[in-house]
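Below you'll find the structure, written out as structure tokens, and then a few comments.
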Amino acid sequence: MGPVTSTSPSPGSPDSSLLDLAPVIPVVVVHDAADAVPMARALVAGGLPAIEVTFRTPAAADAIRAIADEVPDAVVGAGTVLTPEQVETAVAAGSRFLVTPGWTDRLLGALDASGLPYLPGVSTTSEVVALLERGVEEMKFFPAEAAGGTAYLKALASPLPRARFCPTGGVNASNALGYLSLPNVGCVGGTWMLPPDALEAGDWARVESLAREAAALRR
């Protein structure tokens, strides 16, 4: 897999976008790092190479490190990044991209300094304009459904055509295509290919099958 870049103001010239790797980025909450590698292999086999491991559990950094070390075709990143310290931890673990639910100037500075592509979270027009002013054109729209869903993003497309989004939060198999049909949406983030009962049972074949269905979603 080639380099992953975004149009965020990270060092380096962008030649491919995180938003274009696959129509869906799985948003993964790992409670046991031992599950990370088989889970990632199932997702990649199903056609979803970009995997966001959220910093919501103590196992997150170890899970990112394991995927980075053992699943070479995966593009693993860190999600729910809230502090500059978590940025450093994510980079040290081998993350290839960073995702936040929101942003501050301090956090944005740390994201920029990391040298990795990143998707800062937004939910208002003013946040989008502020990021565009800073040269950031790719963002996470969160929480997507609660913040206005497809109607909100559709309304942003004309006045803010440079902004591209990865909507996450309430996105599922039923509504994902509605988001993906919008001109300013590059991909969506979701968890529906990772049902809790399949994870608990270690049913990686089911995860792979659901990932394949998600990967087939196209605008």
Spacing of [X] atom [atom1] and [Y] atom [atom2] [to the nearest 0.5 Å]:
| X | Y | atom1 | atom2 | answer |
| --- | --- | --- | --- | --- |
| Y118 | L108 | OH | CG | 4.5 Å |
| E145 | T150 | CD | OG1 | 7.0 Å |
| L43 | I51 | CG | CD1 | 4.5 Å |
| H31 | R56 | NE2 | CZ | 10.0 Å |
| L98 | L111 | CG | CG | 6.0 Å |

Determine, using the 4.5 Å side-chain heavy-atom cutoff (strictly less than), whether [X] and [Y] are members of one ILVMFWY cluster.
| X | Y | value |
| --- | --- | --- |
| V24 | F165 | yes |
| L156 | L131 | yes |
| V136 | V129 | yes |
| F142 | L119 | no |

- [ ] Quick one: sort the F141 and Y152 rings into parallel, tilted or perpendicular, breaks at 30° and 60°.
- [x] parallel
Can you confirm whether [X] sits close enough to [Y] that some side-chain heavy atom of one is under 4.5 Å from a side-chain heavy atom of the other?
| X | Y | answer |
| --- | --- | --- |
| L194 | V28 | yes |
| V75 | F97 | yes |
| L21 | C187 | no |

Open item on the list: A quick test of your reading: do over 12 heavy atoms of other residues, nucleotides or ligands sit less than 6.0 Å from CD of E133?
Closed with: no
Between [X] and [Y] (side chain of the first, backbone of the second, donor and acceptor by atom type, cut-off under 3.5 Å), is there such a pair?
| X | Y | value |
| --- | --- | --- |
| T191 | V27 | no |
| N184 | L160 | no |
| D62 | A59 | no |
| T100 | G121 | yes |

- [ ] May I ask you to say whether E127 pairs ionically with K140, meaning some side-chain N is under 4.0 Å from a carboxylate O?
- [x] no
TODO: For the pair E200 and R206, evaluate salt bridge (Lys or Arg N to Asp or Glu O under 4.0 Å) and give the outcome as yes or no after the intermediate values.
DONE: CA-CA 12 Å; E200 185 176 349; R206 183 180 172 200; over 6 Å; no
